[in-house]
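Worksheet: one structure, shown below.
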Amino acid sequence: MDPKKIYPRKGNNGKESVYLQSVVKDPNISIGDFTIYNDFVNNPCDFEHNNVLYHYPLCNKEKLIIGKYCSIACGAKFMFTGGNHTLRSLSTFPFPVFPDEWGLNEWDVAQAWDNNGDIIIGNDVWIGYEAVIMQGVTIGDGAIIGTRAVVTKDVAPYTIVGGVPAKEIRKRFDDATIKKLMSLRWWGWPAEKVKKNIKNIMNGDINNLL
């Protein structure tokens, strides 16, 4: 139970999964303990280069924040402001990206995009294969993002969404259970306490958590 190591699995496929906290170096990307990324196509250690797209924090002051115990499947993408050209302009062409061509100030590059802010992923979130999370989106604790979903709006805690654009499919639990889980916030427990409760967590036995 060491979230600082890189590879949490052993065996032939052990290097397909990493604890992201140990491989992401960008200070504008924050990863919680035990959050994993699996990639059977590319090196999962290259997550910040292959999966965090159009992220120019020096220009746009935007961050990617991912909580603890999240599971991120192969090919999931986090699409930042630079991927969406501004809709305020009469043209979608990003003129400020090419200041020398158009006699613009290079520091005006941020005007090429509409900045919708940070992407914030809660704790215990499962993001499915090749899902896309758009800029400015907040995903609540315990949510599930379906395979190849495109998430353009906030997702409430413990909600399953899917489709393009992603829409709510159903809640994972009833309201009373969700309220209790949000109060317990088990992901904030010390790892030893999580281990002590692991069977009850895995079996969905909320009433016997210690």
Side-chain angles (χ1 to χ4, degrees), residues 2-86 92-94 96-100 106-107 109-139 143-152 155 164-166:
D2 179 9
K4 305 299 182 185
K5 65 184 176 183
I6 295 177
Y7 302 106
R9 295 181 64 191
K10 298 179 181 179
N12 294 334
N13 298 324
K15 292 195 174 180
E16 289 183 359
S17 298
V18 296
Y19 282 146
L20 277 180
Q21 189 181 74
S22 300
V23 300
V24 169
K25 307 303 180 186
D26 187 334
N28 294 288
I29 303 175
S30 174
I31 310 291
D33 292 349
F34 299 107
T35 283
I36 59 169
Y37 174 60
N38 172 268
D39 199 320
F40 50 82
V41 177
N42 299 302
N43 184 344
C45 294
D46 292 333
F47 173 86
E48 68 183 281
H49 303 292
N50 294 336
N51 303 79
V52 183
L53 306 182
Y54 300 101
H55 186 220
Y56 310 129
L58 292 178
C59 298
N60 299 315
K61 316 298 182 186
E62 56 197 4
K63 298 181 182 296
L64 171 60
I65 301 169
I66 302 177
K68 300 179 179 180
Y69 295 95
C70 291
S71 305
I72 304 174
C74 181
K77 300 290 193 296
F78 301 84
M79 185 79 70
F80 276 92
T81 293
N84 271 2
H85 300 185
T86 182
T92 60
F93 191 82
V97 176
F98 311 102
D100 294 337
E106 64 178 327
W107 299 109
V109 64
Q111 295 183 18
W113 313 295
D114 292 329
N115 191 340
N116 293 321
D118 301 337
I119 295 176
I120 301 174
I121 311 299
N123 304 280
D124 190 28
V125 173
W126 174 18
I127 299 176
Y129 176 71
E130 292 189 344
V132 177
I133 315 300
M134 300 302 291
Q135 69 278 2
V137 165
T138 295
I139 296 176
I144 296 175
I145 310 303
T147 294
R148 291 180 173 161
V150 177
V151 184
T152 61
V155 178
V164 182

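Side chains are part of it too, since the values below use all heavy atoms of this structure and drop only hydrogens, waters and symmetry mates. Given the structure is predicted, the values throughout are model-derived calculations rather than measurements. For this chain, numbers begin at 1 and follow the sequence in order.
Distance CZ/Phe93 to CZ/Phe98: 5.0 Å, rounded to 0.5 Å. The structure places CD of Glu48 at 10.0 Å from NE2 of His55, a figure rounded to the nearest 0.5 Å. To the nearest 0.5 Å, the span separating CG on Asn60 from CG on Asn116 amounts to 10.5 Å. Going from atom CD1 of Ile145 over to atom OG of Ser71 covers 12.5 Å, rounded to the nearest 0.5 Å. To the nearest 0.5 Å, atom CZ of residue Phe47 and atom CG of residue Asp26 are 11.0 Å apart.
Residues forming a ring pair (Phe, Tyr, Trp, His ring centres under 6.0 Å) with Tyr69 (at least two apart in sequence, or on another chain): Phe34, Trp186. Shown here are the side-chain contact (heavy atoms from CB on, under 4.5 Å) partners of Tyr54, two or more places apart in sequence or in another chain: Tyr56, Met79. Listed by chain and residue number, Thr152 satisfy the side-chain contact (heavy atoms from CB on, under 4.5 Å) test with Pro165 (two or more places apart in sequence, or in another chain). Judged as a side-chain contact (heavy atoms from CB on, under 4.5 Å), and not counting sequence neighbours, the contacts of Gln21 are Pro3, Lys4, Ile31, Asp33.
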* Asked: What do the steps show when you test Ile121 against Ile127 for side chain to side chain contact (heavy atoms under 4.5 Å, CB included), and what is the final call?
  -> CA-CA 10 Å; Ile121 311 299; Ile127 299 176; 4.3 Å; yes
* To do: Could you give me the CA-CA distance, side-chain angles and deciding distance for Val23 and Ile6, then say whether side chain to side chain contact (heavy atoms under 4.5 Å, CB included) is met?
  => CA-CA 7 Å; Val23 300; Ile6 295 177; 3.8 Å; yes
* Output, in order, the C-alpha distance, side-chain angles, deciding distance and verdict of side chain to side chain contact (heavy atoms under 4.5 Å, CB included) for Ile72 and Ile66. => CA-CA 10 Å; Ile72 304 174; Ile66 302 177; 4.0 Å; yes
* Apply side chain to side chain contact (heavy atoms under 4.5 Å, CB included) to the pair Asn115 and Phe80, showing each step before the final yes or no. => CA-CA 8 Å; Asn115 191 340; Phe80 276 92; over 6 Å; no
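In this structure, Thr86 contributes its side chain and Ala112 its backbone to no donor-acceptor pair below 3.5 Å. Listed for the Thr35 side chain is a donor-acceptor partner under 3.5 Å among the backbone atoms of Cys70. Judged by distance alone, the side chain of His85 and the main-chain N or O of Trp113 form no donor-acceptor pair under 3.5 Å.
Applying the salt bridge (Lys or Arg N to Asp or Glu O under 4.0 Å) test to pairs two or more places apart or on separate chains, none has a residue in residues 56-85. Note on residues 49-59: no pairs pass salt bridge (Lys or Arg N to Asp or Glu O under 4.0 Å), not counting sequence neighbours. Here salt bridge (Lys or Arg N to Asp or Glu O under 4.0 Å) pairs that include residues 112-124, with residues two or more places apart or in two chains, are Arg88-Asp114.
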Would you tabulate the side-chain donor-acceptor contacts of residues 128-135 under 3.5 Å, counting partners in other chains and residues two or more places apart, or write 'none'?
from	atom 1	to	atom 2	distance (Å)
Glu130	OE1	Arg148	NE	2.7
Glu130	OE1	Arg148	NH2	2.9

Per-pair distances, 0.1 Å, donor-acceptor, side chain in residues 36-44, under 3.5 Å, sequence neighbours excluded:
from	atom 1	to	atom 2	distance (Å)
Tyr37	OH	Asp39	OD2	2.5
Tyr37	OH	Asn51	ND2	2.9
Tyr37	OH	Gly75	N	3.1
Asn38	ND2	Ser17	OG	3.0
Asp39	OD1	Val41	N	2.8
Asp39	OD1	Asn42	N	2.7
Asn43	OD1	Cys45	N	2.9

